[in-house]
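Here's the structure, in structure tokens; my notes come after.
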Amino acid sequence: MGLQAPRGTRDILPAERVYWQYLETTARQILDRAAYREICTPIFEYTSLFERGIGEATDIVSKEMYTFSDRAQRSLTLRPEGTAGVVRAYIEHGLHSQGGVQRLWYLGPMFRYERPQAGRYRQFHQLGVEVLGSADPRADAEVIAVALEILQALGLKELTLMLNSVGDREDRRAYRQALVDYLTPYTADLDPDSQDRLHRNPLRILDSKDPRTQAIVKEAPRLLDYLSPQSRHHFEQVQSLLQDLGIRYQINPALVRGLDYYTHTAFEFQDLSLGNEGTVCGGGRYDHLVEELGGPATPAIGWAMGLERLILLLRERPLPPRAEPYFYMVTRGEAAERQGLILAQQLRRQGYTVEVDLSGSAFAKQVKRADRVGATVCLVIGESEATERTVQVKWLASGEQVLVPQQELLGENWRSRFFASA
RNA sequence: GCGAGCGUAGCCAAGUGGUUAAGGCAGUGGAUUGUGGUUCCACCAUUCGUGGGUUCGAGUCCCAUCGCUCGCCCCA
């Protein structure tokens, strides 16, 4: 076993890829209907974009990035998430000047240097949306609704929406101080990670899993009590809109996103069947990021889904079966082989899927292979058919077989028959 | 980054120091040179992730290394 894909990376083979295709077409359709448009940004960016955007104190930036220098000594980083790049493109191309709200979505690989685990890789894939240019709570409700539509369309059932508000920058600053003031006397009782965060990133202490820390945090001041009237109003609006949409949620005051840029609404969808790695979609509002990166003041909100985890869930269920005929071309003898190749091409132009057997082995083997690949109809051209320009049409499921002139197959009569039997 | 377990063929595996490494699935060929899903037969690991060590002898013990899994951490 000399060759190995690098740690934390893996190949997605055709048998698994069909699940990815299903996921992508399902998501694409829902996003399209909600008027979101696809954007592609580079896989790597200047390192400073992520340092400024995500926050230098975050774990992602401080220890999980794939950073390298190119030949001209520029510091580049493989993107660890999608938002920073999309915002950079939004500013660079002046998308704000197109007026109105920009609804964007993206799908692609992201890179983080983490310990691999089930459903967690160093190269992983995210699907995400960003809505730029609206501070309206309806935008919050809309992106949450779109995420839910996608997750439900994929068949996820045990979904919980966790909701919180982290307030605006001023609210958070005040709260942060109150939290540090409260926690400082307990410093020695906190777990080491939390002690470390006390001055670097104290909000993250709220979702520590350490039991002693949790007990201390339980009595800590609550972020929700520090929200300004405006922040509180926004949060209440979002909740009321979700209720209008019939979307159930659970308020979780400890829900703190790992990236610095979030403001106001923070949310997560969790699927209970995934246990510890149950977060399947996470997002929130980031009203100052565009401005902080040098663009015009632009409120925004978005989310990202980790696709590996979704694929894990999808693979537990069978995919809807192919609803179109699949032809398998079986030939024998040089004349038949040539005719089979031509007929296959003609059938493909009619919109059929056709696989040509190239093995040159006995009929029995070829038909067996047709069966194996799940073909619906087997087309057989032997020596006598080649002379007559005919073809044996054999339905694999029933075994029924008829002899017809090759060109007749391309007509409309056969089309309806083939689709009916698929 | 920390703790634990694991690593035998494309896949699932038996094997717990003693001569030639079970079995199953898949694959290939044949029984059946013009027709599949059943059956039968044959073939399919000079080698046990990799490197080193202990031993008369190692897939089995030891060390290192790579990878995977689980938990922590982090996050999607």
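Quick note on labels: first sequence line is chain A, next is B, and so on, each numbered from 1. Because only heavy atoms are used, hydrogens play no part in the values below, and waters and symmetry mates are left out as well, while side chains stay in. Worth saying up front: this structure is predicted, and the values here are computed from it rather than measured.
Nucleotides B:G27 and B:G15 are separated by 25 Å at their C1' atoms, to the nearest Å. Nucleotides B:G37 and B:G29 are separated by 15 Å at their P atoms, to the nearest Å. Between B:G49 and B:C6, the two P atoms lie 13 Å apart (nearest whole Å). Nucleotides B:A22 and B:U16 place their P atoms 13 Å apart, quoted to the nearest Å. If you take atom C1' in B:C62 and the same atom in B:U54, they sit 7 Å apart, rounded to whole Å. Rounded to the nearest Å, the gap between the P atom of B:C68 and that of B:C25 is 31 Å. B:C48 and B:C43 have their P atoms separated by 23 Å, given to the nearest Å. Across the P atoms, B:C44 and B:G23 are found 12 Å apart, a figure rounded to whole Å.
Under the Watson-Crick or G-U wobble criterion, with both distances below 3.5 Å, B:U47 is left unpaired in every strand shown.
Going from atom CG of A:L255 over to atom C1' of B:A76 covers 13 Å, rounded to whole Å. Whole-Å rounding puts the A:E308 CD to B:C68 C1' distance at 16 Å. For the pair A:R120 CZ and B:C73 C1', the computed distance is 8 Å after rounding to whole Å. To the nearest angstrom, P of B:G67 lies 16 Å from CD of A:Q117. Residue A:Q214 contributes atom CD, which lies 12 Å from atom P of B:C72 at whole-angstrom precision. Between the CD atom of A:Q4 and the P atom of B:G51 there is a distance of 13 Å, given to the nearest Å. Regarding A:E114, its CD atom lies at a distance of 9 Å from the C1' atom of B:C73, rounded to whole Å.
Under the rule for a salt bridge (charged side-chain N to carboxylate O under 4.0 Å, His left out), the partners of A:E268 that lie at least two apart in sequence or sit in another chain are A:R257. Listed by chain and number, the residues in a ring-ring contact (aromatic ring centres under 6.0 Å, His included) with A:Y22 amount to none (sequence neighbours excluded). Listed by chain and number, the residues in a salt bridge (charged side-chain N to carboxylate O under 4.0 Å, His left out) with A:R176 amount to none (sequence neighbours excluded).
Closest contact between the side chain of A:R115 and the listed nucleotides B:A76, B:U28, B:A4 involves B:A4.
Geometrically, A:R415 engages A:Y352 in a cation-pi contact defined by less than 6.0 Å to the ring centre and at most 45° from the axis.
The side-chain hydrogen bond (donor to acceptor under 3.5 Å, both in side chains) test with A:Q339 singles out one residue from A:E334, A:Q406, A:E385, and that residue is A:Q406. Of the options A:R10, A:R120, A:H125, a side-chain hydrogen bond (donor to acceptor under 3.5 Å, both in side chains) to A:E308 is made by A:H125 and by none of the others.
Expressed to the nearest 0.5 Å, how far CD1 of A:I144 lies from CZ of A:F269 amounts to 6.5 Å.
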| task | Quick one, give me the B/S/- string for nucleotides 30-45 of chain B, reading 5' to 3', where B means a protein heavy atom under 4.0 Å from the base and S means that only happens at the primed atoms, P, OP1 or OP2. | result | ---SBBBB--------
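Remark: side-chain polar atoms of A:D168 are not paired, donor with acceptor, to backbone N or O of A:E170 under 3.5 angstrom.
Within the 4.5 Å cutoff, side-chain heavy atoms of A:I150 are placed close to those of A:L31.
If you check every strand for non-hydrogen atoms under 4.0 Å, A:G8 touches sugar and phosphate atoms only. Among the protein residues, A:A370 comes within range of no part of the nucleic acid, since none of its heavy atoms lies under 4.0 Å from any strand.
Near RNA chain B, meaning a heavy atom under 4.0 Å from it, residues 9-35 of chain A has no residue at all.
Applying the side-chain hydrogen bond (donor to acceptor under 3.5 Å, both in side chains) rule to pairs touching residues 129-150 of chain A yields A:Y36-A:E142, A:T83-A:E130, A:R103-A:E142, A:E130-A:Y286, A:D136-A:R138, A:D140-A:H234, A:D140-A:T265, A:D140-A:R285, sequence neighbours excluded.
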